[in-house]
Amino acid sequence: MTFVLVLATAVPSLAQAPDVLTRARQAYNARQFDEAMTLATEARGIERLSHSAAVVFARAALERFRRAGDVADVATARQALLLVDPARLTAGELTELRLGAAELLFVDEQYGAAAELFAAHLIGANDAQRDRVFDWWASALDLHAQLAPDEERRRRYGRLLAGAERELGRTPAAASATYWLAAAARGMDDLERAWSAAVAGWIQAPLVSSGADVILVRHDLDRLMREAIVPERARRAASAAEAEALTVAFAAEWDAIKARWQR
C-alpha cells in the first residue's frame with residue numbers, strides 16, 4: 001500500500017488568497033509533488049516561511065522518490081531537512097518534521113528504526129492522518145520482517161497482524177489496515193486466513209471507503225492474491241504435479257468472487 005501523509009494547511013478567509021506555503025501544502029496533499037516542490041522553493045525564499053517550507057519541500061521530494069525512484073530526490077530531501085531549525089516551527093510543523101525524518105529512514109532502508117518512529121506517531125495521529133501513518137508503519141515493519149530469519153520474521157509479522165486487527169477494531173473503514181491484515185497473515189504463513197482476509201477486504205472496501213481508497217486497496221489486494229496467496233496456497237495444498245492446476249482453480253475462484261461483488 002502507498003498513501004501520502006496529509007500536511008496541515010491553514011484555511012484562508014474568503015477575502016484572502018492562500019500564501020505560497022499554504023498552496024505548497026495543498027499541492028502536496030493533492031499528490032502534485034512537482035508543484036509542491038516548486039511552490040515550497042518559492043516559499044523558502046521568504047524568511048518567515050523558509051524553515052516551514054523546507055519541511056514541505058523535503059517531504060514532497062521523498063514522495064516523488066517513492067513514485068519515480070530518482071535517488072537525487074533523497075539527497076535533496078535530506079539536505080532540506082538538515083537545514084531546518086526546529087525552534088522556527090509550530091507544534092504541527094514539528095510533527096511533520098519528525099515524520100519527514102521517519103520517511104527518510106524508510107527510504108534509507110532503515111526499516112526497523114522507521115517503524116519505531118511511525119509507531120510513536122500513530123499513538124497520537126488524528127483521523128485525517130491515521131490511515132496514512134499506519135500504512136507507513138506497516139510498510140516499514142513488512143520490509144523489516146522480510147530481512148529476518150523465519151522465527152523472527154513470523155514474530156514481526158505477528159506484531160503487524162496485531163496492529164492491523166487493533167486498527168480495524170478502532171476504525172473499520174481503515175483502508176490500509178484492510179490490506180495489511182491479509183498481508184500479515186500471509187507473512188505468518190497462515191494462508192487460509194490471508195485468503196479470507198483478502199476476500200473480506202475486497203468485499204467491504206466500497207462499503208466502508210470511497211473514491212481512490214477503494215481503487216487502491218482493491219488493486220493491492222488483487223496483486224497480493226495473484227502474486228502470493230494463490231500460488232502459495234496451491235503449493236501447500238497439493239503435490240508439485242497438482243499445484244499448477246490448483247493455482248488456476250484458485251485464481252478462477254478469486255476472479256469469480258470479484259465479479260460477484262464488483263460495483
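These numbers come from a predicted model, not from an experiment.
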_If you define the side chain from C-beta out and look only at heavy atoms, does anything of D131 sit under 4.5 Å from D135?_
no
*Could you check L89 against S52 for side chain to side chain contact (heavy atoms under 4.5 Å, CB included), going step by step and ending with a plain yes or no?*
CA-CA 6 Å; L89 304 179; S52 303; 3.9 Å; yes
*Which other residues belong to the hydrophobic cluster containing L105, where Ile, Leu, Val, Met, Phe, Trp and Tyr are joined when side-chain heavy atoms lie under 4.5 Å apart, directly or via other members?*
L117
*asked:* Do F57 and V107 land in one hydrophobic cluster if side-chain heavy atoms of ILVMFWY residues count as linked below 4.5 Å?
replied: no
*asked:* Would you say that L39 contacts E35 through its side chain, given a criterion of any heavy-atom pair below 4.5 Å between the two side chains?
replied: yes
_Under 3.5 Å donor-acceptor, R156 side chain and H144 backbone_ = yes
*Reference residue E165; test salt bridge (Lys or Arg N to Asp or Glu O under 4.0 Å); the match among R159, R170, R193*: R193
*Can the positive tip of R67 be found less than 6.0 Å from the middle of the six-membered ring of F33, inside 45° of the ring normal?*
no
*When rounded to the nearest 0.5 angstrom, what distance separates CG in L160 from CZ in R154?*
15.0 Å
*Short side-chain to backbone donor-acceptor contact, T171 and L168, under 3.5 Å*: no
_Counterpart residues, side-chain contact (heavy atoms from CB on, under 4.5 Å), relative to T95 (two or more places apart)_ = R98, L99, H121
*Please check if the side chain of E167 supplies one atom and the backbone of A164 the other of a donor-acceptor pair under 3.5 Å.*
no
*Could you check W180, Y111, F118 and say which one makes a ring pair (Phe, Tyr, Trp, His ring centres under 6.0 Å) with W136?*
F118
*Please step through side chain to side chain contact (heavy atoms under 4.5 Å, CB included) for the pair R226 and F250, ending with a clear verdict.*
CA-CA 9 Å; R226 293 188 179 281; F250 284 153; over 6 Å; no
*Walk me through it: do L216 and D220 pass the test side chain to side chain contact (heavy atoms under 4.5 Å, CB included)?*
CA-CA 6 Å; L216 182 60; D220 287 340; 3.8 Å; yes
*In plain terms, say whether D150 and R153 are close enough for a salt bridge, that is, a side-chain N and a carboxylate O under 4.0 Å apart.*
yes
*Kindly compute the distance separating CG (L224) from CD1 (I229), expressed to the nearest 0.5 Å.*
4.0 Å
*Euclidean distance, F134 CZ relative to L141 CG, rounded to 0.5 Å*: 9.0 Å
_Heavy-atom check, side chain of D108 versus side chain of V74, under 4.5 Å_ = yes
*Going by heavy atoms in the side chains, are Y157 and D142 under 4.5 Å from each other?*
yes
_If you count heavy atoms of other groups shown closer than 6.0 angstrom to CD of Q79, is the number above 12?_
no
*Output yes when a side-chain donor or acceptor of D70 lies under 3.5 Å from a complementary backbone atom of F65, and no otherwise.*
no
*Does CD belonging to E244 count more than 12 external heavy atoms closer than 6.0 Å?*
no
*CZ on R88 to CG on L49, rounded to 0.5 Å*: 10.0 Å
*Output the distance between atom CG (D73) and atom CZ (R66), rounded to the nearest 0.5 Å.*
13.0 Å
